[in-house]
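I have placed the structure first, in the form of C-alpha cells, so that the comments after it can refer back to it.
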Amino acid sequence: MRNYLIILLLLISTISNGQENPYLSDFEYFIEKLIETHPDPYTGFGGRIGFFKEKEKFKNRITDSLTNDEFVILINQFLSKLNDGHTNLYFNKSENIEQKYFPMQFKVSSDKVFINNTIKEYKNLIGKPIVQINDIEIDTWRKKAKSFLPSENISGEYYNLIKIIADYQLSLKFFESSNSLKLKFNNGDSEIISYKTEQVKYLDKKSKIEFENDNGLLYYSMIGKNKNIGYLAWNSILSREVVQNTYKNSPDWIQGNLNWAYNYLNEKQSGDIEQDILRIPSLYEQFYKLSKEMREKNSKYLIIDLRENSGGMTPIVNPLLYVLYGKKYLNFDFGAEMIRRISPLYLQKIGFSTIEDFNQTYYSNFKIGDYTFGSFGNINPNLSFEQKKKMVRSGYNGFGAEYLKKTKPMTDVKIFVLCSAKTFSAAYHFIYFLKRLGRTTIFGVASRQAGIAFMETTNVSLPETKIRGSLSNSKQILFEENSQSAQILRPDHEMNWEDYKKYDFDPNSELLKILEMTGN
C-alpha cells in the first residue's frame with residue numbers, strides 16, 4: 001500500500017510539472033527571440049549579466065493567475081530599459097469590455113500637455129495645461145507611461161500618455177480607475193471628466209488656413225496671402241508607389257498595405273484591389289503638381305508637414321531629395337550608420353526561409369547572428385553620377401518615374417519641415433535627411449524618435465497566448481553618442497504653450513507662425 005501511494009504521488013507530481021504555466025513558456029520564448037533578433041539586448045541592462053539578472057527577477061513575478069494584459073504590462077516594463085519604441089508587446093482588445101470614449105484630445109507642446117479639442121460641454125477648457133491626473137503629478141504618469149508602452153525620449157513618454165488616455169481599455173489598466181479621470185489645471189482648477197459610452201463628436205475647430213485637395217493621407221496646397229507658399233501634408237510615409245510595388249512583388253501583403261493607406265484616406269475601400277490602389281495618392285505626382293504651381297508663382301518657400309506622420313517606407317523619399325538638392329544629395333555623405341542583425345525572424349520578414357537562400361541571393365557568407373554594417377542615407381558611392389541620377393529618377397522600384405522626369409529641380413527653395421511628438425521612424429528619417437542637406441528649418445515639437453535608436457519592425461507571435469508584438473532588428477547611429485540629438489532632435493523653432501495660445505490654439509498654429517515669420 002505504501003509503495004502504491006508513493007507511485008501515485010510521483011505520477012501526480014509528473015502530471016503537475018507537465019502542465020507548464022503558459023506565461024512562463026511564452027516569456028522564455030520571447031526572451032529567446034529578443035536575444036537572437038535584437039541588435040543589442042544587453043546594454044540597456046548594464047550588460048549581459050544585468051540582463052539575465054533582470055530576466056530572473058521578472059520571471060519570478062510570473063504566475064499562472066496573470067491575465068494576458070498583466071503579462072503584456074510585465075514584459076513591457078522589462079523592455080523599457082532598452083529605450084526602444086519598436087520593441088514591445090501589443091495589448092489585445094477585449095470584447096468583454098465596453099468601448100468608451102474620452103471627450104477630450106490633448107496636444108504636446110515643448111513645455112506642456114494641454115487640451116487641444118473637446119466636446120461642446122467642455123469648450124471652455126480648450127488650451128488648459130494639465131498638471132495632475134487623479135491627484136498625481138503628470139510627470140509621474142509620464143514616467144510610468146515609459147514602462148507601459150516603451151519609448152525613446154520625453155516626447156515619446158508624453159505621446160504614449162495621451163495615447164493611453166484616449167484608449168479606454170488602456171486607461172483602465174494604466175490608471176487603475178474605472179469611468180473617469182480627475183484633471184487638474186495650472187490655475188489650480190480641477191474637473192472630473194467621464195468616459196462616454198457613445199462616440200463623441202469633437203468641436204469642428206476651424207483653422208485660419210484652408211487646404212485644397214485634403215484626402216487625409218498625402219496632398220498639396222498653395223497657402224499664404226498670395227497663395228505662393230508650397231505646402232505638402234504627408235501623414236504616413238506611404239503612397240501609391242509603395243502599394244503598387246507590394247502588389248507586384250509581394251501580392252500576399254497587398255491587403256495589409258491597402259488597410260494601412262485607407263486608415264488615413266477620407267474614403268473606404270471598394271473591394272476592387274486595382275481600383276483601390278489607383279485611388280491612393282501618388283507621392284511623385286503630388287510633388288510634381290506642387291512644384292509646377294510653385295514655379296509658376298515664383299515661390300521661395302516649401303513647407304513639408306509631418307506632424308501626423310508615424311513612419312513607413314524611408315526609401316520613397318530619395319527621389320524628392322534629389323529634386324530638392326540635386327548633385328549635392330547624390331554625392332552627400334550623411335556620416336550615419338545602420339547595423340542589422342541577421343536572425344530567423346528577420347529572414348522571414350524579408351522573404352527568406354534559410355540563411356543559405358539569403359547568401360545565395362546576395363552573394364554573401366553570413367551566419368545566423370551576424371551583423372551587416374552599412375552607411376545610412378548615402379547613395380552607393382561605387383556608382384557613377386549618371387548611374388545615381390538614373391536610379392533616383394526611376395522612382396520607387398520603377399513606380400512613379402513618369403512624374404519625376406517632368407519635375408524641375410527645386411534647389412533654391414527654403415524648406416520648413418513640421419514635426420510633433422507623433423512624428424516617428426521613417427518620418428524622422430526624412431527630417432534628418434532634409435536638415436543635414438541644408439536650407440531646412442525644423443518647426444514644432446521634438447519627435448519621439450531618438451537619433452541613436454533601435455529600428456525596424458520585426459513581428460513576433462507568442463505560441464501559447466498568441467500575444468503579438470514587435471522586435472527591432474537594427475540600430476541606427478545618426479549623431480555623436482553623447483550629443484543631445486542622439487536622444488532628442490530639438491526643432492530650430494520649438495512651439496511652446498505660449499505660441500499656441502498666441503494663435504488661439506488654432507489647429508495650424510505652427511503654420512501661422514511660419515507665415516508670420518515670412519511676411520505672409
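The shortest distance between side-chain heavy atoms of Gln449 and Gln476 falls below 4.5 Å. Tyr346 has its side chain out of reach of Arg341: every pair of non-hydrogen atoms, C-beta onward, lies at least 4.5 Å apart. Between Pro281 and Leu217, the closest side-chain pair of non-hydrogen atoms falls below 4.5 Å. Residues Ile75 and Ile467 fail the side-chain proximity criterion, which asks for heavy atoms closer than 4.5 Å. Contact of the Pro39 side chain with the Arg340 side chain is not registered, since no non-hydrogen atoms from C-beta on lie closer than 4.5 Å. When side chains are defined from C-beta on, Phe430 counts as touching Leu434, because their heavy atoms get closer than 4.5 Å. Using a 4.5 Å heavy-atom cutoff, the side chains of Ile368 and Pro344 are in contact. No side-chain heavy atom of Asp40 sits under 4.5 Å from any side-chain heavy atom of Ile339.
Considering every non-hydrogen atom in both Ser207 and Asn508, the closest pair reads OG-ND2, 3.0 Å. Contact detail for Pro319 and Leu404: the closest heavy-atom pair is CB-CD1, 3.6 Å. Between Asn117 and Leu203, the shortest heavy-atom contact is ND2-O, 2.9 Å. Taking both residues in full, the closest heavy atoms of Asn213 and Tyr220 are given as ND2-O, 3.2 Å, listed atom of the first, atom of the second, then distance. Across Asn228 and Ser299, no two heavy atoms sit closer than the pair O-OG, 2.5 Å. When all heavy atoms of Ser236 and Trp234 are compared, the closest pair comes out as O-NE1, 2.6 Å.
His38 and Asp84 are linked by a side-chain donor-acceptor pair at a separation below 3.5 angstrom, with hydrogens and angles left out of the test. Neither side chain, Lys297 nor Asn226, offers a donor N or O lying under 3.5 Å from an acceptor on the other. Side-chain N/O atoms of Lys146 and Asn83 include a donor and acceptor closer than 3.5 Å. Side chains of Ser270 and Asp272: a donor-acceptor N/O pair is absent below 3.5 angstrom, by distance only. No side-chain donor-acceptor contact under 3.5 Å links Asn245 and Glu241. A donor-acceptor pair shorter than 3.5 Å cannot be found between the side chains of Asn309 and Thr423. Side-chain contact of Asn76 with Asn88: a donor-acceptor pair under 3.5 Å is absent, judged by distance alone.
With a 6.0 Å radius and a threshold of 12 heavy atoms from other residues, nucleotides or ligands, Lys201 has its NZ atom at or below the threshold. Within 6.0 Å of NZ on Lys328 lie more than 12 heavy atoms contributed by other residues, nucleotides or ligands. Heavy atoms from other residues, nucleotides or ligands lying under 6.0 Å from CG of Asn482 number 12 at most. Enclosure of atom NZ in Lys163 is not indicated, since only 12 or fewer non-hydrogen atoms of other residues, nucleotides or ligands lie within 6.0 angstrom. Other residues, nucleotides and ligands place more than 12 heavy atoms under 6.0 Å from the CZ atom of Arg439. For CD of Glu32, the number of neighbouring non-hydrogen atoms (other residues, nucleotides, ligands) closer than 6.0 Å is greater than 12. Counting non-hydrogen atoms of other residues, nucleotides and ligands closer than 6.0 Å to CD of Glu480 gives a total of 12 or fewer.
The CG atom of Asn263 sits 11.0 Å away from atom CG of Asn235, with the distance rounded to the nearest 0.5 Å. One distance of note links CG of Leu489 with OH of Tyr428; it measures 4.5 Å at 0.5 Å rounding. Taking CG of Asp167 as the start and OH of Tyr101 as the end, the distance is 10.5 Å to the nearest 0.5 Å. Taken from CG in Leu478 to CD1 in Ile452, the straight-line distance is 7.5 Å, to the nearest 0.5 Å. Atom OH of Tyr219 is separated from atom CG of Leu232 by 9.5 Å, given to the nearest 0.5 angstrom.
With sequence neighbours left out, Lys475 forms a side-chain hydrogen bond (donor to acceptor under 3.5 Å, both in side chains) with no residue at all.
Centroid-to-centroid, the aromatic rings of Tyr231 and Phe211 come within less than 6.0 Å. Residues Phe148 and Phe91 bring their aromatic ring centres within 6.0 Å. For an aromatic pair to be called close, the ring centres must be under 6.0 Å apart, and Tyr159 with Phe424 fails this.
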Evaluate the criterion ring-ring contact (aromatic ring centres under 6.0 Å, His included) for residue pair Phe114 and Tyr500; output intermediate values, then yes/no.
CA-CA 10 Å; Phe114 63 89; Tyr500 291 106; 5.4 Å; yes
Should Phe454 and His86 be marked as a ring-ring contact (aromatic ring centres under 6.0 Å, His included) after you check the CA-CA gap, both sets of side-chain angles, and the distance that decides it?
CA-CA 7 Å; Phe454 302 114; His86 286 87; 9.7 Å; no
Decide side chain to side chain contact (heavy atoms under 4.5 Å, CB included) for Ile316 and Ser239; before the verdict, give the C-alpha distance in whole Å, the side-chain angles of both, and the deciding distance to 0.1 Å.
CA-CA 9 Å; Ile316 197 172; Ser239 70; 2.9 Å; yes
Lys112 vs Asn496, test: side chain to side chain contact (heavy atoms under 4.5 Å, CB included). Steps then yes/no.
CA-CA 7 Å; Lys112 290 178 173 62; Asn496 59 36; over 6 Å; no
Criterion side chain to side chain donor-acceptor pair (under 3.5 Å) on Arg448 and Ser310, from CA distance to verdict:
CA-CA 9 Å; Arg448 58 192 169 105; Ser310 290; 3.1 Å; yes
Should Tyr262 and Glu267 be marked as a side chain to side chain contact (heavy atoms under 4.5 Å, CB included) after you check the CA-CA gap, both sets of side-chain angles, and the distance that decides it?
CA-CA 7 Å; Tyr262 279 86; Glu267 52 185 318; 4.1 Å; yes
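Side-chain atoms of Lys349 come within 3.5 Å of backbone atoms of Thr457 as a donor-acceptor pair (strictly under, hydrogens ignored). Of the possible polar contacts, one joining the Asp492 side chain to the Ile442 backbone as a donor-acceptor pair under 3.5 Å is found. No donor-acceptor pair closer than 3.5 Å links the side chain of Asn318 to the backbone N or O of Val392. In this structure, the side chain of Arg240 engages the main chain of Ile280 through a donor-acceptor pair within 3.5 Å. Under a 3.5 Å cut-off, the side chain of Lys205 and the backbone N or O of Asn116 do form a donor-acceptor pair. Under the 3.5 Å distance criterion, the side-chain polar atoms of Asn359 are left unmatched by any main-chain donor or acceptor of Glu356. The closest donor-acceptor contact from the side chain of Ser250 to the backbone of Trp253 lies at 3.5 Å or more, if one exists at all.
Each of Thr37, Thr458, Thr87 was compared with Ser472 under the side-chain hydrogen bond (donor to acceptor under 3.5 Å, both in side chains) criterion, and only Thr87 meets it.
A salt bridge between Arg279 and Asp276 is present, with a side-chain N of the basic residue lying under 4.0 Å from a carboxylate O of the acidic one. With salt bridges taken as basic N to acidic carboxylate O contacts below 4.0 Å, none links Glu212 and Lys289. A salt bridge is absent between Asp504 and Lys208; no separation between the charged side-chain nitrogens and carboxylate oxygens falls under 4.0 Å.
Residue pairs that meet the ring pair (Phe, Tyr, Trp, His ring centres under 6.0 Å) test with at least one member in residues 375-411, sequence neighbours left out, are Phe376-His429, Phe376-Phe433.
Ring geometry for Tyr432 versus Phe334: interplanar angle of 30 to 60°, hence tilted.
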